[in-house]
Novice: 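First, the structure itself, so that you have it in front of you.
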Amino acid sequence: MILKPKNANNRLSENHWLVVGSSGSGKTTAVKQLRIIKQGDQVALFDPYLDYETLCGAEVRRYTSLPRFAKALFSARAAKQGRGFKIAFSPNNGATPAGLEAFCKVVWACGDGHHKKPLKVVMEELAKCVTTSGKATGFFGEILTGGRKFGLEAICIFQRGQEVPKTITGNIPNKWVGRQQRTNDALYLSKELDFPFEEIRTLPRYHYLVKTNDHDIGKFDKGKLRKL
Ligand SMILES: Nc1ncnc2c1ncn2[C@@H]1O[C@H](COP(=O)(O)OP(=O)(O)O)[C@@H](O)[C@H]1O
Ligand SMILES: [Mg+2]
């Protein structure tokens, strides 16, 4: 059986994020630090390498079993108070396309355009879990292209732009870019995400460029992460 999201609401705005940078550039730290996620938020995480023990001061409840993860997420979403939670799916076999798709199927069913709170959806190691660099497919694709109306806000984390579907690089309004090891990767991101090439190429470790829905065209901010 496929469960569907409910109450499509066209007034909701698209709040997806992409977080891209070489290994060790600070992507996971950025997600924890940059207020992409806040204390009272409702968050589901695909966390195959156990990067999130805590998030915004709250303990992350972790499940290796998909049915248990689904049960925990459905009941936390259904609670009337709309309280914040952080619930992770960490399959024993790590980051695989089947694992991500199973996670996305559960998350998709949690969408509700009339819910008090959006559901933020953190997805780590995306490049290992997608099978195409063309269009995003399956429930992962549904979340990216249709999630907005149901209050689903994806946070897509990966190392190189070429490894993930164009649906991510082309359509996501909020972008965090960390250090890139290869000139070619910096060039690709500068074209796809519309940042100046030299700004990306010369980024030191833990430094980043960020552009959100609120920036005017061509504008962006720069920053450096703190050590957590
Ligand atoms: N500003 C910083 N100064 C020193 N170390 C940092 C800083 N930011 C992050 N780190 C450390 O660098 C390592 C890699 O960061 P991480 O966020 O895990 O990178 P990624 O997710 O891109 O692989 C972590 O151990 C983290 O604690
Ligand atoms: Mg990481």
Side-chain angles (χ1 to χ4, degrees), residues 16-39 41 43-64 69 86-97 99-100 103-104 107 120-130 133 136 140 143-144 153-165 168-169 172 174-190 192-193 195 199-212 220-228:
H16 300 324
W17 274 88
L18 70 78
V19 176
V20 59
S22 300
S23 180
S25 60
K27 301 181 294 298
T28 302
T29 307
V31 171
K32 291 178 178 173
Q33 201 171 96
L34 284 188
R35 298 190 59 75
I36 295 174
I37 292 168
K38 301 180 191 71
Q39 205 172 19
D41 284 351
V43 188
L45 300 100
F46 180 70
D47 183 21
Y49 300 123
L50 318 186
D51 285 321
Y52 300 82
E53 255 178 47
T54 59
L55 192 52
C56 301
E59 193 187 331
V60 173
R61 284 154 62 196
R62 184 181 309 287
Y63 297 88
T64 54
F69 163 74
K86 320 284 182 255
I87 299 177
F89 177 49
S90 302
N92 284 326
N93 60 351
T96 64
L100 179 73
F103 168 85
C104 286
V107 164
K120 299 195 176 179
V121 188
V122 175
M123 291 174 278
E124 280 276 353
E125 297 292 349
L126 271 184
K128 293 202 178 103
C129 303
V130 291
S133 55
F140 172 63
I143 291 170
L144 286 185
E153 303 183 355
I155 298 161
C156 297
I157 306 165
F158 51 96
Q159 296 186 13
R160 298 173 60 236
Q162 298 92 317
E163 294 172 339
V164 299
I168 298 182
T169 46
I172 292 190
N174 304 301
K175 305 154 212 250
W176 183 97
V177 178
R179 184 176 70 112
Q180 287 287 314
Q181 263 155 3
R182 297 174 51 208
T183 306
N184 237 350
D185 296 345
L187 189 60
Y188 182 88
L189 286 179
S190 96
E192 283 295 314
L193 306 182
F195 285 100
E199 293 278 1
I200 301 183
R201 194 186 66 80
T202 56
L203 274 177
R205 193 188 284 259
Y206 311 135
H207 288 246
Y208 61 84
L209 311 176
V210 68
K211 183 152 51 174
T212 70
F220 58 91
D221 285 328
K222 299 185 204 186
K224 184 184 178 203
L225 297 169
R226 287 173 282 113
K227 185 161 171 49
L228 283 177

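In listed order, ligands and their atoms are each counted from 1. Atom set for the values below is all heavy atoms of this structure, side chains included, hydrogens, waters and symmetry mates excluded.
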Novice: Given side chain to side chain donor-acceptor pair (under 3.5 Å), test Q180 with Y188 step by step and report yes or no.
Specialist: CA-CA 11 Å; Q180 287 287 314; Y188 182 88; over 6 Å; no
Novice: Can any side-chain N or O of K27 pair as donor or acceptor with the backbone N or O of G21 at less than 3.5 Å?
Specialist: yes
Novice: Are the side chain of K86 and the backbone of Y52 linked by a donor-acceptor contact shorter than 3.5 Å?
Specialist: no
Novice: Quick one: does K224 get an N or O within less than 3.5 Å of an N or O on ligand 1?
Specialist: no
Novice: Specify whether an N/O/S atom of S23 falls short of 2.8 Å from the Mg ion (ligand 2).
Specialist: no
Novice: Side chain of D47, backbone of A88: donor and acceptor closer than 3.5 Å?
Specialist: no
Novice: Quiz question for you: does at least one protein heavy atom lie closer than 4.0 Å to atom 25 (O) of ligand 1?
Specialist: no
Novice: Shortest non-hydrogen contact from T169 to G161?
Specialist: CG2-O, 4.2 Å
Novice: For atom 27 (O) of ligand 1, what is the closest protein heavy atom, and at what distance to 0.1 Å?
Specialist: K227 NZ, 3.8 Å
Novice: How close does the nearest protein non-hydrogen atom get to atom 13 (C) of ligand 1, and which residue and atom is it?
Specialist: Y206 OH, 4.2 Å
Novice: Looking only at protein heavy atoms, which one is nearest to atom 23 (O) of ligand 1, and what is the separation?
Specialist: G24 N, 2.8 Å
Novice: Is any heavy atom of the protein nearer than 4.0 Å to atom 9 (C) of ligand 1?
Specialist: yes
Novice: Which ligand 1 atoms does S22 reach within 4.0 Å, using its non-hydrogen atoms?
Specialist: 22 (O)
Novice: Return the orientation label for the F46 and F103 ring planes: parallel under 30°, perpendicular over 60°, tilted otherwise.
Specialist: tilted
Novice: Return a yes/no value for G26: is any of its N or O atoms, backbone included, closer than 3.5 angstrom to an N or O of ligand 1?
Specialist: yes
Novice: Among N184, D185, L189, V20, exactly one meets side-chain contact (heavy atoms from CB on, under 4.5 Å) together with R160. Which residue is that?
Specialist: D185
Novice: Nearest to atom 1 (N) of ligand 1, what protein heavy atom do you find, and at what distance?
Specialist: L225 O, 2.8 Å
Novice: Of the protein's non-hydrogen atoms, which lies at the shortest distance from atom 18 (O) of ligand 1, and what is that distance?
Specialist: T28 CB, 4.1 Å
Novice: Does S23 reach ligand 1 with a nitrogen or oxygen that is under 3.5 Å from one of the ligand's nitrogen or oxygen atoms?
Specialist: no
Novice: Got a donor-acceptor contact below 3.5 angstrom from the Q33 side chain to the L228 backbone?
Specialist: no
Novice: Provide, to 0.1 Å, the distance between atom 15 (O) of ligand 1 and the closest protein heavy atom, together with that atom's residue and name.
Specialist: T29 OG1, 3.6 Å
Novice: Examine ligand 1 and decide if any of its atoms is less than 4.0 Å from a heavy atom belonging to L228.
Specialist: no
Novice: Checking side-chain contact (heavy atoms from CB on, under 4.5 Å) between F140 and each of I168, V121, V107, which is the one that passes?
Specialist: I168
